[in-house]
Amino acid sequence: MIISILGIRGILLNRRNIPIMSMPIESMLLAVNSNFLVFSVSSDDMMGQSFASLVSTVAAAESAIGLAIFVITFRVRGTIAVEFINSIQGSGPFSLGERIRLILKSFPKPLPVQLLKDR
């Protein structure tokens with residue numbers, strides 16, 4: 001319970017840097033894991049241990065995806081400070097819509113359906 005309260009407090013108080021904001025989330029997942037393990041041992045049931053391994057897997061995937069987002073944000077914006085990130089989509093040549101348009105332009109145009117039927 002104390003670890004979860006510290007995690008909530010960490011999220012509310014640390015809003016300057018994205019990696020520092022993600023650390024309390026990991027501590028809350030650790031609190032959930034420890035609760036699953038303690039209740040699993042006390043009730044003599046394996047279900048809590050299997051849920052703890054599932055939560056650990058989800059936490060590892062969340063950390064990997066978060067790290068990838070941090071790296072991409074740093075490459076695009078030059079900083080990972082929260083106060084300099086105004087929106088997720090952005091504007092200009094780095095916006096998501098512009099990137100999708102550029103990717104779609106690079107693919108060859110499909111043949112018309114009539115030409116495909118003639119073959």
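Numbers for residues simply follow the sequence, beginning at 1.
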Mind listing the closest non-hydrogen atom pair of Pro24 and Gly7 along with its distance?
-> CB-O, 3.2 Å
Check side chain to side chain donor-acceptor pair (under 3.5 Å) between Ser34 and all other residues, then give those that pass, not counting sequence neighbours.
-> none
Cluster question for you: counting only ILVMFWY and a side-chain heavy-atom cut-off of under 4.5 Å, with indirect links fine, are Val41 and Phe36 together?
-> no
May I ask you to check whether over 12 heavy atoms, not counting those of Leu12, lie within 6.0 Å of atom CG?
-> yes
Kindly check if the number of other-residue, nucleotide or ligand heavy atoms within 6.0 Å of CZ (Phe39) is above 12?
-> no
Atom [atom1] in [X], atom [atom2] in [Y]: separation rounded to 0.5 Å?
| X | Y | atom1 | atom2 | result |
| --- | --- | --- | --- | --- |
| Ser4 | Asn35 | OG | CG | 6.5 Å |
| Leu13 | Ile8 | CG | CD1 | 11.5 Å |
| Asp45 | Phe51 | CG | CZ | 10.0 Å |
| Leu30 | Leu6 | CG | CG | 11.0 Å |

Any pair counted as side-chain hydrogen bond (donor to acceptor under 3.5 Å, both in side chains), so long as it reaches residues 46-61, sequence neighbours left out = Asn33-Ser56
Apply side-chain contact (heavy atoms from CB on, under 4.5 Å) to Phe74 and list each qualifying residue two or more places apart in sequence or on a separate chain.
-> Ile80
Does the side chain of Leu29 reach to within under 4.5 Å of the side chain of Glu62, using non-hydrogen atoms?
-> yes
So do Met46 and Ser40 actually touch side chain to side chain, heavy atoms under 4.5 Å?
-> no
